[in-house]
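Nothing fancy with the numbering, it's 1 onward along the sequence.
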Amino acid sequence: MKPSNALSRLKKLHELTPARIGVARAGSSISTREVLKFDHDHARARDAVHLPFDSENIKQALRVRELPVVQIHSAAANRSVYLQRPDLGRQLDGDSKSLLEHFRPPDSQDFDLGVVIADGLSARAVHTNAIPLIDQFRLLPGVQDWRWSPVVIASQARVAIADEIGEILKTRISIILIGERPGLSAADSMGIYLTFAPRKGRTNAERNCISNIRPGGLG
């Protein structure tokens, strides 16, 4: 292939993806520009992991939309514990269990849908994407007829916390919107995990996932 054709194809690939392809080199090393870009993206990924979760702003946005809201916390007391003990991020703390029990429906009136909004490993992703996605989701045909449990905002949470929440609130389907582990080309990606008949002990094999929800994603 001629060098001009190779450069033309490489340029087209660069237009299609933010991934690192055809990285420029200077002699046997990566160019200074590419090194600095890598350091910048690495810093953005670290910042996304440690950015405080603005749960109050999300709560207010949901209330403006007349959606009932409950704020809860995992058994991970802080971010440091959360990052070191993933198991605690999958469990509710004692106060949160008691709070959710107050919203448990009567035996014959299960909720059709339970939505959880969680910080996960990128609060930035949730700040950017959660409310716009809910706005679009509520426009879908038939959704208005479903019985929603209160929207749960979960801090220091992992995906599986939605199983315990769904079991307490007796939801037929649980959906958790959660910040994904930041990559070097996307620090603002949110994932959606859907679980039918949620309960503690469900495995990831029993969920469906839609990932990489972000402004730069595919329509």
Side-chain angles (χ1 to χ4, degrees), residues 48-49 53-55 58-59 62 67-123 125-127 129-131 133-134 137-138 140 142-143 146-182 189-213:
V49 170
F53 186 28
D54 191 357
S55 57
I58 291 176
K59 180 178 72 174
L62 293 169
L67 290 170
V69 184
V70 182
Q71 287 184 272
I72 60 92
H73 203 286
S74 77
N78 54 55
R79 200 61 172 173
S80 178
V81 173
Y82 171 83
L83 294 173
Q84 296 177 66
R85 292 285 305 275
D87 57 314
L88 295 181
R90 302 182 186 110
Q91 306 170 38
L92 294 167
D93 66 11
D95 290 343
S96 297
K97 291 180 185 179
S98 300
L99 179 61
L100 289 173
E101 289 287 352
H102 291 296
F103 295 91
R104 186 182 178 94
D107 289 342
S108 60
Q109 299 179 21
D110 294 1
F111 290 114
D112 296 313
L113 176 68
V115 176
V116 180
I117 300 176
D119 47 2
L121 287 166
S122 175
V126 179
H127 297 163
N129 303 299
I131 298 300
L133 187 141
I134 286 179
F137 179 68
R138 294 175 72 200
L140 295 176
V143 170
W146 294 354
R147 293 190 68 244
W148 286 45
S149 71
V151 178
V152 177
I153 300 175
S155 298
Q156 310 295 2
R158 302 274 179 172
V159 171
I161 201 170
D163 296 338
E164 187 173 8
I165 294 169
E167 185 173 18
I168 293 173
L169 294 179
K170 297 167 59 180
T171 57
R172 294 179 58 246
I173 300 173
S174 174
I175 300 177
I176 183 168
L177 318 182
I178 190 167
E180 295 182 345
R181 180 178 288 103
S189 288
M190 184 179 74
I192 302 178
Y193 291 82
L194 304 92
T195 308
F196 181 75
R199 64 173 185 272
K200 288 187 71 173
R202 288 288 191 200
T203 67
N204 287 333
E206 296 174 286
R207 313 184 203 285
N208 288 318
C209 175
I210 303 172
S211 64
N212 282 321
I213 297 168

Could you tell me the separation between the NE2 atom of His73 and the CG atom of Asp95, rounded to the nearest 0.5 Å? 11.0 Å

According to side-chain contact (heavy atoms from CB on, under 4.5 Å), who are the partners of Ala125, at least two apart in sequence or on a separate chain? Ser122, Asn129, Met190

Sequence neighbours left out, what pairs pass salt bridge (Lys or Arg N to Asp or Glu O under 4.0 Å) with at least one residue falling in residues 168-178? Asp107-Lys170, Asp110-Lys170, Asp112-Arg172

Any side-chain heavy atom of Glu180 sitting closer than 4.5 Å to one from Leu121? no

Partners meeting salt bridge (Lys or Arg N to Asp or Glu O under 4.0 Å) with Asp54 (sequence neighbours left out): none

Quick one: does Gln91's side chain have a donor or acceptor within less than 3.5 Å of a partner on Asp87's backbone? yes

Just how far is it from atom CD1 of Ile161 to atom OG of Ser174, taken to the nearest 0.5 Å? 10.5 Å

Could you give me the CA-CA distance, side-chain angles and deciding distance for Ile58 and Ile131, then say whether side-chain contact (heavy atoms from CB on, under 4.5 Å) is met? CA-CA 7 Å; Ile58 291 176; Ile131 298 300; 4.2 Å; yes

Please give me the minimum heavy-atom distance between Ile210 and Ile213, naming the atom from each residue. O-CD1, 4.0 Å

Go through the steps for Ile192 and Ile175 under the test side-chain contact (heavy atoms from CB on, under 4.5 Å), then give the verdict. CA-CA 7 Å; Ile192 302 178; Ile175 300 177; 3.4 Å; yes

Rounded to the nearest 0.5 Å, what separation is found between the CZ atom of Arg158 and the CD1 atom of Ile176? 11.0 Å

Over all heavy atoms of both residues, which pair between Gly166 and Pro198 is shortest? Give the atoms and the distance, please. CA-CG, 3.7 Å

Under the salt bridge (Lys or Arg N to Asp or Glu O under 4.0 Å) rule, collect the residues that match up with Lys59, sequence neighbours excluded. Glu56

Salt bridge (Lys or Arg N to Asp or Glu O under 4.0 Å) partners of residues 191-208, not counting sequence neighbours, each pair once: Asp163-Arg207, Arg202-Glu206

Would a 4.5 Å heavy-atom cut-off, applied to side chains only, mark Val49 and Pro182 as touching? yes

Return the orientation label for the Trp148 and Phe137 ring planes: parallel under 30°, perpendicular over 60°, tilted otherwise. tilted

Between Ile178 and Gly120 the two heavy atoms that sit nearest each other are CG1-CA, 3.5 Å

dist Thr171:OG1 -> Phe111:CZ (nearest 0.5 Å) comes out at 9.0 Å

What distance do Asp119 atom CG and Tyr82 atom OH have between them, rounded to the nearest 0.5 Å? 5.5 Å

Mind running side-chain contact (heavy atoms from CB on, under 4.5 Å) on Leu99 and Val70 for me, showing each step along the way? CA-CA 8 Å; Leu99 179 61; Val70 182; 3.5 Å; yes

Please check: side-chain N/O of Tyr193 versus main-chain N/O of Asn208, any donor-acceptor pairing under 3.5 Å? no

Check side chain to side chain donor-acceptor pair (under 3.5 Å) between Gln84 and all other residues, then give those that pass, not counting sequence neighbours. Ser80

Ser74/Gln156 under side-chain hydrogen bond (donor to acceptor under 3.5 Å, both in side chains): CA gap, chis, key distance, verdict: CA-CA 6 Å; Ser74 77; Gln156 310 295 2; over 6 Å; no

Looking only at atom types and distance, does a side-chain atom of Glu164 sit under 3.5 Å from a main-chain N or O of Leu92, one as donor and one as acceptor? yes

For Arg181, I'd like to know if atom CZ has over 12 heavy atoms of other residues, nucleotides or ligands within 6.0 Å. no

Paired with Ile72, the side-chain contact (heavy atoms from CB on, under 4.5 Å) test is passed by just one of Ile165, Ile153, Val116, namely Ile165

Using side-chain heavy atoms (C-beta onward) and a distance below 4.5 Å, is Val115 in contact with Val152? no

Between atom CZ of Arg104 and atom CG of Leu169, what is the distance when rounded to the nearest 0.5 Å? 8.5 Å

Let me see the working for Asp93 and Leu88 under side-chain contact (heavy atoms from CB on, under 4.5 Å), right down to the final yes or no. CA-CA 9 Å; Asp93 66 11; Leu88 295 181; over 6 Å; no

